[in-house]
Number of protein chains: 2
Amino acid sequence: MNLPIGELSRLTGVKVPTIRFYEQIGLIDQPPRTEGNQRRYGTDEVRRLNFIRHARELGFEVDDIRELLDMSGKPQASCHQADSIARNHLAEIDRRIASLTVLRGELSRMVDECHHGRICDCRIIEVLADHSQCVADHVH
Amino acid sequence: MNLPIGELSRLTGVKVPTIRFYEQIGLIDQPPRTEGNQRRYGTDEVRRLNFIRHARELGFEVDDIRELLDMSGKPQASCHQADSIARNHLAEIDRRIASLTVLRGELSRMVDECHHGRICDCRIIEVLADHSQCVADHVH
DNA sequence: TCTAGGACCTCTAGCCACTAGAGGATCAAG
DNA sequence: CTTGATCCTCTAGTGGCTAGAGGTCCTAGA
């Protein structure tokens, strides 16, 4: 216990400036300070910060994490809301994967059709300059 | 020709403030102005802005677009560089899809395991609070 | 007890690609 | 000539940090 910020950082894998940032936006509480004004943390903060890191790694936004943290502090409440946050996030990830996959298709077609000649014959530049052409080709 | 910015916006699908922003960062040239200081555009800007929009839709970054625009103005040059920009971008998209897919797997497992009870029994909260547990379960 | 240097502090600014809004000027149709 | 839609500049905000300046504190070794 009584960890300085660097130690907390090492234990949780969250960078020192990021911890201070999380404090600033109210994601973690202001910890007690030494007489010389340095932050000192306990094991609660380690848990909380780990929770935050896991959630960030799973792509949750800070506002979602705020709610999830609130919930984790009310063990008797229904987990309906947590479920709904997670499901929405999952749907969002699905949307992103879908749109990146469409993108990937177009890009890869573009790259495949480039015959490494001059700019004036280059499909990459051509497609960018006239996207409708590209779409038309594709439909055909 | 001699289009006001709103008209250019309608023709290209790029919002008015975004056009001004592109001018500010030097992606498009400063156009001539009326006596009353309003921007007037010609067909060149329509083409250029369409190019930019297509490239943005394909997820290219502004710096890449800058280079691609430069190239499209040098039709006799080799398209090697354009090809390389596009290939790098494709690789980046692949990386993003891969990491989102891993994420999707974890999230969907979490959501599936939630039995809609109380927070204290909720897998979603549990996984976030102790990620190692989750990974261990998965490996097992 | 002193000192060195690593860790800490606050504050500001920057990243990307825009978006929003205030407060005012201009343009074109009727 | 009036009206109201469009235009202008400027500043600030978005998200989630990251970087750097300029300074203070803590602690281990001499």
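Throughout, a chain's letter reflects where its sequence line sits, starting with A, and its residues are numbered from 1.
- Under 4.0 angstrom from either OP1 or OP2 of C:dC18 there lies no side-chain N or O belonging to B:K15.
- Each of B:R56 and B:N37 was assigned the nucleotide of DNA chain C with the nearest heavy atom; the assignment lying further toward the 5' end belongs to B:R56.
- Looking only at side-chain heavy atoms (C-beta outward), B:L107 and A:F60 come within less than 4.5 Å of each other.
- A:H116 is not listed as a side-chain neighbour of B:H80, based on a closest heavy-atom distance of 4.5 Å or more.
- Contact between the side-chain N/O atoms of A:R39 and the OP1/OP2 oxygens of C:dC8 is not found at any separation under 4.0 Å.
- Atom CD1 in B:I65 sits roughly 13 Å away from atom P in C:dC16 (whole-Å rounding).
- Comparing A:Q38 and A:T18 against DNA chain D, the residue whose closest nucleotide sits nearer the 5' end is A:T18.
- Using a 4.5 Å heavy-atom cutoff, the side chains of A:E23 and A:R39 are in contact.
- C:dA17 atom C1' lies 14 Å from atom CG of B:L49, rounded to whole Å.
- Mapping A:R40 and A:P17 onto DNA chain D via the closest heavy atom, the residue that lands nearer the 5' end is A:P17.
- On the nucleic acid side, DNA chain D has its first and last nucleotide under 4.0 Å of a heavy atom of chain A at D:dG16 to D:dC26, going 5' to 3'.
- Between A:L8 and A:L3, the shortest heavy-atom contact is N-CB, 4.5 Å.
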Problem set entry | Evaluation steps, salt bridge (Lys or Arg N to Asp or Glu O under 4.0 Å), between A:D63 and A:R66 | CA-CA 5 Å; A:D63 280 351; A:R66 232 184 272 273; 3.7 Å; yes
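- Of the possible polar contacts, none joining the B:T12 side chain to the B:V46 backbone as a donor-acceptor pair under 3.5 Å is found.
- The distance from atom CG of B:N2 to atom C1' of C:dT26 is 15 Å, rounded to the nearest whole Å.
- The distance from atom CD of B:E7 to atom C1' of C:dC27 is 14 Å, rounded to the nearest whole Å.
- Proximity of residues 20-36 of chain A to DNA chain D (heavy atom under 4.0 angstrom from any strand atom) is restricted to A:F21, A:Y22, A:T34, A:G36.
- For B:L3 and C:dC27, the CG to P distance is 16 Å, given to the nearest whole Å.
- Within the 4.5 Å cutoff, side-chain heavy atoms of B:L69 are placed close to those of B:L27.
- Annotation for B:E7: atom CD counts as buried by contact number, over 12 foreign heavy atoms lying within 6.0 Å.
- In this structure, B:I85 and B:E67 have side chains that are in contact, with non-hydrogen atoms separated by less than 4.5 Å.
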